[in-house]
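Report on the structure given below.
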Protein chains: 2
Amino acid sequence: MAGRGRQAEAARNDIRLLEAAHEVFTTQGFDAPVSAIAKRAGVGMGSLYRRYRTKEELLQRLCVIAVRRVVEAAEDGLAESDPWEGLAVYVRRCVAARSGALAPVAGTIEVTDEMLSATRHAMELAGRLVARAHEAGVLRADVSTLDVSLLVEQFSRPAPRPPTGTDHHVRERLLAIALDGLRAPGATPLPGDPPSTDWYEGRWGTTS
Amino acid sequence: MAGRGRQAEAARNDIRLLEAAHEVFTTQGFDAPVSAIAKRAGVGMGSLYRRYRTKEELLQRLCVIAVRRVVEAAEDGLAESDPWEGLAVYVRRCVAARSGALAPVAGTIEVTDEMLSATRHAMELAGRLVARAHEAGVLRADVSTLDVSLLVEQFSRPAPRPPTGTDHHVRERLLAIALDGLRAPGATPLPGDPPSTDWYEGRWGTTS
DNA sequence: TATTTATCGGAGCGATTCACTCCGATTAGC
DNA sequence: GCTAATCGGAGTGAATCGCTCCGATAAATA
């Protein structure tokens with residue numbers, strides 16, 4: 001065993017718990033049973049509920065971590081010298097992590113300040129990534145940052161069944177197709193207007 | 001009122017029931033409560049369960065009708081003189097009807113002969129649509145019929161929230177992007193091999 | 001109009017599932 | 001070997017779902 005004593009085991013459990021929660025929630029949706037997470041983490045319910053006093057608390061913690069990963073993906077994208085590759089890296093990483101699957105939870109649980117600021121940061125970086133691609137003329141002019149975010153969301157929707165390796169592989173193919181569709185110039189103009197920021201932010205407000 | 005008497009009302013109820021079931025199941029998933037369908041149709045539970053003896057029976061009937069719609073979409077696509085427009089019409093119609101959302105149900109309920117033959121017919125027509133586009137050189141060479149079907153499936157996944165008009169509009173934009181990505185020649189080759197037919201058909205078999 | 005009779009619609013029932021708790025078993029630290 | 005903290009899962013109360021049962025309603029008939 002790496003680490004020593006019960007505290008080390010607790011710390012390890014915490015990590016395995018977050019990984020399991022990410023896997024379960026993003027693939028099965030937020031109404032997945034907590035017991036499924038405990039089982040996947042190889043941890044008892046008691047240990048889970050000692051660390052997180054409620055399902056909502058676990059979800060909040062998970063969201064912060066997930067958004068941090070999006071920020072990292074955006075930073076890595078900006079670090080790419082080629083504007084197109086930078087955007088593509090960002091989108092691929094987000095979809096691989098199923099970042100979009102966590103977005104709809106915001107309407108279900110209370111949004112902490114930590115979640116809010118992390119999300120703002122992520123959106124700002126994504127905006128820069130898109131702007132840079134636009135300026136370089138490699139991204140079709142009629143797509144907005146929100147379109148890109150929504151594309152990620154569309155591709156990270158929970159599957160009706162537990163995804164296999166082949167499922168993952170298929171999704172990469174479809175994403176490659178969509179990425180090609182993002183390149184400038186677009187073959188056919190996009191229908192309607194780009195989605196408004198108001199709508200995007202207000203989407204999680206009205207629970208009705 | 002159009003029609004006369006209780007029998008006319010029963011017939012009307014049947015139609016409203018199927019429309020409501022389509023709407024509810026495709027947007028909320030198959031574990032949506034039957035009562036939600038009855039409510040949306042403006043019909044009591046009693047009337048619903050007189051017409052369909054079980055939830056599974058309703059689902060089976062619904063699947064047959066949904067696949068028929070796919071067949072119609074494919075026929076209309078083949079009726080188009082332009083091979084690309086034909087394929088695009090087919091995909092757009094399928095996504096608008098959320099046809100892909102019904103596919104995963106096959107692993108949950110018993111597949112009737114009617115469902116099976118209708119599905120085979122639909123797949124055959126879709127294959128012709130794709131082959132025609134390939135021959136005309138308007139569809140990128142590295143996408144298969146299965147890729148197209150899976151793209152439709154991806155875009156008809158149930159949303160975590162009841163979709164608004166704007167949601168619908170946004171999905172059309174994303175679909176337009178993906179359709180552009182399908183056109184020949186692809187900007188970047190698709191990763192990996194196209195999905196195999198065995199995998200596609202076996203996907204609904206193993207429930208584990 | 002009075003009576004019959006098929007249909008309508010929703011309250012209620014048993015089964016299932018879920019978030020969460022409680023407690024005996026286990027093991028690190030001394 | 002003793003103590004005390006942690007682990008893990010069976011158990012609890014509440015909520016939900018599929019489905020049934022039955023009083024209310026209105027078409028059909030004389």
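In the text below, chain A, chain B and the rest are named by the order of the sequence lines, each starting its count at 1.
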Using 4.0 Å as the upper bound for N to carboxylate O, is an ion pair formed by [Y] and [X]?
{"X": "A:Arg92", "Y": "A:Glu85", "value": "yes"}
{"X": "A:Arg203", "Y": "A:Glu153", "value": "yes"}
{"X": "A:Glu72", "Y": "A:Arg68", "value": "no"}

Within this structure, what is the [atom1]-to-[atom2] distance between [X] and [N], rounded to whole angstrom?
{"X": "B:Asp14", "N": "C:dT7", "atom1": "CG", "atom2": "P", "result": "13 Å"}
{"X": "B:Lys39", "N": "D:dC17", "atom1": "NZ", "atom2": "C1'", "result": "14 Å"}
{"X": "A:Tyr52", "N": "D:dC7", "atom1": "OH", "atom2": "C1'", "result": "17 Å"}
{"X": "A:Arg51", "N": "D:dG8", "atom1": "CZ", "atom2": "P", "result": "16 Å"}
{"X": "A:Leu58", "N": "C:dC18", "atom1": "CG", "atom2": "C1'", "result": "15 Å"}
{"X": "A:Phe30", "N": "C:dC18", "atom1": "CZ", "atom2": "P", "result": "17 Å"}
{"X": "A:Met45", "N": "C:dA25", "atom1": "CE", "atom2": "P", "result": "21 Å"}
{"X": "B:Arg50", "N": "C:dT5", "atom1": "CZ", "atom2": "C1'", "result": "13 Å"}

Discussion item. By nearest heavy atom, map A:Gly46 and A:Pro33 onto DNA chain C; which one lands nearer the 5' end?
Written reply: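 Its nearest nucleotide being more 5', the pick is A:Pro33.
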Fill in: Closest-nucleotide 5' rank along DNA chain C - winner of A:Val34 and B:Val43
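The answer here is B:Val43.
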Practice prompt. Find the distance between NE2 (A:His169) and OG1 (A:Thr164) and round it off to the nearest 0.5 Å.
Written response: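 One finds 11.0 Å between NE2 of A:His169 and OG1 of A:Thr164.
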Discussion item. Please report the interatomic distance OG1(A:Thr145) to OH(A:Tyr200), rounded to the nearest 0.5 Å.
Written reply: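 If I round to the nearest 0.5 Å, the distance is 10.5 Å.
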Worksheet item: Are any of B:Ser47's side-chain N or O atoms less than 4.0 Å away from OP1 or OP2 of C:dT7?
Response: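 Indeed not, no polar side-chain atom of B:Ser47 lies that close.
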Practice prompt. Indicate whether OP1 or OP2 belonging to C:dC20 is found under 4.0 Å from a side-chain N or O atom of A:Thr54.
Written response: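 Yes, such a contact exists.
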Worksheet item: So which nucleotide from C:dG9, D:dG18, C:dT21 ends up closest to the side chain of B:Lys55?
Response: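 Of the options given, the side chain of B:Lys55 lies nearest D:dG18.
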Fill in: Per A:Tyr49 side chain, nearest of listed nucleotides D:dC7, C:dT21, C:dC18
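Side chain of A:Tyr49 sits closest to C:dT21.
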Worksheet item: With sugar-phosphate meaning primed atoms plus P, OP1 and OP2, does A:Ala32 contact a base, only sugar-phosphate, or nothing at under 4.0 Å between heavy atoms?
Response: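 Here A:Ala32 touches the backbone only, sparing every base.
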